[in-house]
Q: 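Here it is: the structure, laid out below.
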Amino acid sequence: MDHAIGPRRWREQRWVIDSVLRTDGLEWDQPRVAYTLRPMGVDATPDFRLAQSRIHKFADMVPVFTELAERRERLARAATNPVTARENFFHAALLYVTAEWPIWRDGPDLVALDDRKNACYQAYAELADHHVERVEIPFDGGVIPAWFHLPPGYAGGPLPTVLSCGGMDAPKELNVNLYGDKFLERGFAVLAFDGPGQGEAPVRGVKFTPTAWIEAGEKIVAWCRQRAEVDSARIVGFGLSFGSYWMSQIAATQPALQGSAVGLVCHEPGCHMIFEMASPSFKARYMWMSGLEHDEGAFDKMAQQIDLRPLIVQMSAPWLVIAGDEDELSPVEHSYDLARQCPAPAPMLVYQQGRHALSLPTPSVALGPNWVTYAADWLLDRVQDQPAEDVVDYVLPSGQIERRPHPKEIDAA
């Protein structure tokens, strides 16, 4: 066993990471600014511009983002207008989230940051323009932490509900926008949660295993069935990045879901591209998420079990896949293969030259349909009992959609 923390490639190539970070900035491994700004809104742009100007090596990230979060928290606590306080508490929470990301070891410093994030998000929840409630679902000696959102103006009765998870770097606080959220605006309730190994869960001791999300899905759906606000006949799932894998695990094993939409895919069996070819930061974090940060060999064996192929044949509800056809973390052919094997309708929205995050200025992404809007509308159709079809909507650089044959149709021909 190697007692050093993280993969060998991360430890040996830190000088390369610091050099690339100085030239490419905060987004050397992924567009973290874009996906964090999406829920925060344009008012948070100055925070990230300042961070980009001050961060010149990996070790700068925690102190710089902590300082920015503390500033927002001070502004919130000093505010006399509740709307001003609300916005600054929300921004503070998400900046604390960003400060937590580079810490890939258990310890009191990480717990302290997470406590401050939770305190700010709870303060936001008490001032929000809609109902926001802290939820802790018992799981494996710990909890699955979540925030339960009801749409503005909720007046009672059961609602269609989205189970929402981000990826390995996008915890639950990033899943619902401060204003104008795509799902809340369509009348959904949203349970934004951190599953095993993700976000807050590993900070509190709930680590990833290849089957943990299947077990967590059972607990989450059971919780939903106990809530009067949730229409248990109209539950759907939404997962992004590694959440595209985790939410698919839940959807394949929870027939109560009426459908699921997953995007920014991580579908390669064994995850060779993301763990061995991409920035070593991905593997370093996932080793900690799995409780294997000291044993790269054990992690490599475990990673071979990350494979949706045995589960996809159990999928009974429609499954939408949103991807770029030049995804650098998970080759898109693996998503096409899963759609081909899925017994339920498995439509796809594919962006030409789209990369993993679908937020870089690729013409098809910039000019084509907003993929979150597309997913929200598609999931709304599912809870309204509209039939789903096996289609591939391929987005061209012009932004136009070209309807292409589905892998099942190609096989049948």
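Quick caveat: nothing in here was measured; it's all calculated off a predicted structure.
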Q: Tell me the closest heavy-atom pair linking Thr36 and Leu94, and the distance in Å.
A: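 Result for this residue pair: O-CD2, 4.1 Å.
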Q: Does the ring centre of Trp213 sit less than 6.0 Å away from the ring centre of Phe193?
A: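 Ring centroids of Phe193 and Trp213 are less than 6.0 Å from each other.
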Q: Near Lys207 NZ, under 6.0 Å, is it more than 12 heavy atoms from other residues, nucleotides or ligands?
A: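 Buried by this count: over 12 neighbours within 6.0 Å.
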Q: With no hydrogens and no angle check, do the side chains of Ser281 and Trp10 hold a donor and an acceptor under 3.5 Å apart?
A: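 The answer is no; no qualifying pair exists.
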Q: Taking the six-membered ring for Trp, are Trp246 and Tyr286 parallel (under 30°), tilted (30 to 60°) or perpendicular (over 60°)?
A: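 Rings of Trp246 and Tyr286: tilted, 30 to 60°.
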Q: Would Tyr179 and Arg86 count as a side-chain hydrogen bond (donor to acceptor under 3.5 Å, both in side chains) if you check the C-alpha gap in whole Å, the side-chain angles of each, and the deciding distance to 0.1 Å?
A: CA-CA 11 Å; Tyr179 297 122; Arg86 168 205 301 167; 3.1 Å; yes
Q: Hydrogens and angles aside, do Tyr124 and Glu87 bring a side-chain donor and acceptor to less than 3.5 Å of each other?
A: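 No, Glu87 and Tyr124 have no side-chain donor paired with an acceptor closer than 3.5 Å.
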Q: Under 3.5 Å, is there a donor-acceptor pair between the Glu200 and Asn118 side chains?
A: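 There is such a pair between these side chains.
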Q: In terms of side-chain heavy atoms, does Glu133 have a donor or acceptor partner in Trp147 at a distance below 3.5 Å?
A: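 Not at all, the side chains of Glu133 and Trp147 share no donor-acceptor pair under 3.5 Å.
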Q: Ser248 side chain to Ser244 main-chain N or O, any donor-acceptor pair under 3.5 Å?
A: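 Checking the backbone N and O of Ser244 against the side chain of Ser248, a donor-acceptor pair under 3.5 Å is found.
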Q: Do Ser330 and His356 have side-chain N/O donor and acceptor atoms under 3.5 Å apart?
A: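 Their side chains do not contain a donor-acceptor pair, so the 3.5 Å distance test is not met.
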Q: Does a donor on one side chain sit under 3.5 Å from an acceptor on the other, for Tyr121 and Arg116?
A: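 There is no such pair (donor and acceptor under 3.5 Å, judged by atom type) between the side chains of Tyr121 and Arg116.
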Q: Is the distance between the ring centroids of Phe299 and Phe275 less than 6.0 Å?
A: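 Yes, the ring centres sit under 6.0 Å apart.
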Q: Please determine whether salt bridge (Lys or Arg N to Asp or Glu O under 4.0 Å) holds for the pair Arg355 and Glu326, giving the CA-CA distance in whole Å, both sets of side-chain angles, and the decisive distance to 0.1 Å.
A: CA-CA 5 Å; Arg355 297 184 65 195; Glu326 293 186 8; over 6 Å; no
Q: Quick check on Arg234: does its CZ atom have over 12 non-hydrogen neighbours (other residues, nucleotides or ligands) under 6.0 Å away?
A: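 Correct, the count exceeds 12.
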Q: Which pair of non-hydrogen atoms, one from Arg340 and one from Lys408, has the smallest distance, and what is that distance?
A: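 Closest pair (atom of Arg340, atom of Lys408, distance): O-CG, 3.6 Å.
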Q: Do Ser335 and His267 pair up side chain to side chain, a donor and an acceptor below 3.5 Å, judged on atom types alone?
A: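 Looking only at side-chain atoms, His267 and Ser335 do form a donor-acceptor pair, the distance falling under 3.5 Å.
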Q: Looking only at the side chains, is there a donor atom on one of Asn88 and Glu73 sitting less than 3.5 Å from an acceptor on the other?
A: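 Judged by distance alone, the side chains do not pair up.
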Q: Using 30° and 60° as the class boundaries, would you call the ring planes of Phe148 and His131 parallel, tilted or perpendicular?
A: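 Because their plane-to-plane angle is over 60°, the rings of Phe148 and His131 count as perpendicular.
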Q: Would you kindly check if the NZ (Lys) or CZ (Arg) of Arg382 is within the cone defined by 45 degrees around the ring axis of Trp378 and under 6.0 Å from the six-membered ring centre?
A: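 Yes, Arg382 lies over the aromatic ring of Trp378.
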Q: How close do Gly354 and Thr362 get, counting heavy atoms only, and between which atoms?
A: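 So the two residues come closest at N-CG2, 4.2 Å.
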Q: Which atoms form the tightest heavy-atom contact between Val176 and Pro39, and what is the distance?
A: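 What the structure gives for the nearest pair is O-CB, 3.9 Å.
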Q: Over all heavy atoms of both residues, which pair between Asn177 and Asp181 is shortest? Give the atoms and the distance, please.
A: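 In terms of heavy atoms, the two residues are closest at N-OD1, 3.0 Å.
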Q: Check whether the side chains of Thr66 and Glu70 place a donor and an acceptor atom closer than 3.5 Å, and report yes or no.
A: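 No, Glu70 and Thr66 have no side-chain donor paired with an acceptor closer than 3.5 Å.
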Q: Using 30° and 60° as the class boundaries, would you call the ring planes of Phe58 and Trp104 parallel, tilted or perpendicular?
A: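 Phe58 and Trp104: tilted rings.
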Q: His149 and His130: side-chain donor and acceptor closer than 3.5 Å?
A: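 Per modelled atom types, His149 and His130 side chains form a pair under 3.5 Å.
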